[in-house]
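Structure first, commentary second.
Residues: numbered from 1 along the sequence shown.
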Amino acid sequence: MASPRTITIVALSVALGLFFVFMGTIKLTPRLSRDAYNEMKRAYKSYVRALPMLKKMGVSSILLRKSIGALEVVCGIIMTLVPGRLKDMANFLLLLLVLAVLFFHQLVGDPLKRYAHALVFGILLTCRLLIARQPEEQPPEKRILSVNGDEQSLIHEAAPEKGKMKVS
């Protein structure tokens, strides 16, 4: 049976992955929701206007929106389907992306209700990353020791001190 830690990581990975695939798709195409797509276009225009440095670098609102949307879709798919360390890298990239989006919202003076979802999902990404990076606790091994014909149970800790074993 899977440990509670594993179940938590899988549940968070799938939920976060699907959310970012959905949000990235909205930034890329109006097929899911024309209103949301138009709102994203408007928002990214205000972000580029608020950061003239982006315009000087040749980054248009369309390029910024599509880049962020594509990154969200790719990282969301990895979070949902790909096992291993690649999932943690996608988690980290999405966390950086959420921090950038929070910065953009603050820069243009959006009210909290406009970016509360980014705040919540940033916290969830942080929690998932922290849980995934913690080492898994392993139950102690049980061994049987035969002393003068009597069997005694030994518990060998996962990281015992040198030369010491716990006898129960």
Side-chain angles (χ1 to χ4, degrees), residues 1-139 158:
M1 180 166 179
S3 70
R5 177 184 173 274
T6 303
I7 293 169
T8 303
I9 291 172
V10 169
L12 278 172
S13 297
V14 170
L16 289 167
L18 291 175
F19 171 78
F20 281 103
V21 166
F22 177 72
M23 291 306 293
T25 304
I26 285 177
K27 289 177 179 78
L28 295 174
T29 179
R31 287 187 180 177
L32 293 179
S33 171
R34 184 163 298 282
D35 291 338
Y37 177 76
N38 290 331
E39 179 60 29
M40 289 292 178
K41 283 172 55 175
R42 186 206 56 75
Y44 278 86
K45 284 178 185 174
S46 69
Y47 300 157
V48 170
R49 265 188 260 118
L51 273 175
M53 177 182 63
L54 289 176
K55 218 165 193 123
K56 288 179 185 175
M57 293 173 24
V59 178
S60 68
S61 64
I62 295 169
L63 179 63
L64 182 64
R65 178 177 43 86
K66 291 194 178 208
S67 299
I68 289 176
L71 190 61
E72 285 179 347
V73 169
V74 169
C75 288
I77 290 170
I78 291 171
M79 290 277 295
T80 305
L81 301 175
V82 178
R85 295 187 66 78
L86 199 56
K87 189 176 289 208
D88 291 342
M89 288 174 46
N91 190 146
F92 185 72
L93 278 173
L94 286 170
L95 187 56
L96 290 177
L97 201 60
V98 165
L99 291 173
V101 168
L102 289 172
F103 171 74
F104 287 147
H105 282 290
Q106 284 295 307
L107 191 64
V108 298
D110 282 341
L112 178 62
K113 69 178 183 176
R114 298 256 314 146
Y115 62 90
H117 70 282
L119 203 55
V120 169
F121 282 94
I123 292 168
L124 289 173
L125 284 167
T126 303
C127 290
R128 191 226 161 263
L129 195 60
L130 290 174
I131 293 168
R133 300 308 309 150
Q134 287 182 347
E136 182 135 9
E137 291 183 22
Q138 302 201 359

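- In the displayed structure, Ile7 atom CD1 is contacted under 6.0 Å by more than 12 heavy atoms of other residues, nucleotides or ligands.
- The salt bridge (charged side-chain N to carboxylate O under 4.0 Å, His left out) analysis of residues 90-99, with sequence neighbours excluded, yields no pairs.
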Between Leu94 and Leu16, does a side chain to side chain contact (heavy atoms under 4.5 Å, CB included) hold up when you go through it step by step? CA-CA 10 Å; Leu94 286 170; Leu16 289 167; over 6 Å; no
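- Evaluation of the side chain to side chain contact (heavy atoms under 4.5 Å, CB included) rule for Val82 yields Ile78, Leu86 as partners, not counting sequence neighbours.
- With rounding to the nearest 0.5 angstrom, the OG atom of Ser13 is 11.5 Å from the CG atom of Leu124.
- Residues passing the salt bridge (charged side-chain N to carboxylate O under 4.0 Å, His left out) test with Arg5 are Glu136, sequence neighbours excluded.
- By the side chain to side chain contact (heavy atoms under 4.5 Å, CB included) test, Leu51 is found to be paired with Leu54, Phe103, Phe104, Leu107, residues two or more places apart in sequence or in another chain being considered.
- Every residue two or more places apart in sequence or in another chain that forms a salt bridge (charged side-chain N to carboxylate O under 4.0 Å, His left out) with Arg133 is listed here: Asp88.
- The minimum heavy-atom distance between Ala90 and Cys75, with the atom names listed, is CB-O, 3.8 Å.
- When atom types are taken as modelled, the side chain of Thr80 and the backbone of Gly76 share a donor-acceptor pair closer than 3.5 angstrom.
- Here salt bridge (charged side-chain N to carboxylate O under 4.0 Å, His left out) pairs that include residues 91-107, with residues two or more places apart or in two chains, number zero.
- Taken to the nearest 0.5 Å, the CE atom of Met40 stands 13.0 Å off from the OG1 atom of Thr29.
- In this structure, Met23 CE and Leu32 CG are separated by 10.5 Å, a value rounded to the nearest 0.5 Å.
- Checked against salt bridge (charged side-chain N to carboxylate O under 4.0 Å, His left out), Arg42 has the following partners two or more places apart in sequence or in another chain: Glu39.
- Counting all heavy atoms, side chain and backbone alike, Val21 lies closest to Thr25 at O-OG1, 2.6 Å.
- Closest of all the heavy-atom pairs between Ala118 and Val101 is CB-CG1, 4.5 Å.
- Atoms CG and NZ, on Leu12 and Lys87 in that order, are 10.5 Å from each other to the nearest 0.5 Å.
- Under the side chain to side chain contact (heavy atoms under 4.5 Å, CB included) criterion, Leu81 pairs with Ile77, not counting sequence neighbours.
- The minimum heavy-atom distance between Val108 and Ala50, with the atom names listed, is CG1-CB, 3.7 Å.
- Counting only residues at least two apart or on different chains, the side chain to side chain donor-acceptor pair (under 3.5 Å) pairs with a member in residues 96-106 are Tyr47-His105, His105-Asp110, Gln106-Tyr115.
- If you take CG on Asn91 and CG on Leu129, they are separated by 4.5 Å, rounding to the nearest 0.5 Å.
- Not counting sequence neighbours, the partners of Ser61 by the side chain to side chain contact (heavy atoms under 4.5 Å, CB included) test are Tyr44, Lys45, Val48.
- Among residues at least two apart or in separate chains, salt bridge (charged side-chain N to carboxylate O under 4.0 Å, His left out) pairs with a member in residues 16-35 are Lys27-Glu72.
- The ring pair (Phe, Tyr, Trp, His ring centres under 6.0 Å) analysis of residues 3-39, with sequence neighbours excluded, yields the pairs Phe19-Phe121.
- For Ala36 against Ile26, the heavy-atom pair with the smallest separation is CB-CG2, 3.7 Å.
- Contact check for Leu93 versus Met79: no side-chain heavy atoms found under the 4.5 Å cut-off.
- Taking CD1 from Ile9 and SG from Cys127, the interatomic distance works out to 12.0 Å, rounded to the nearest 0.5 Å.
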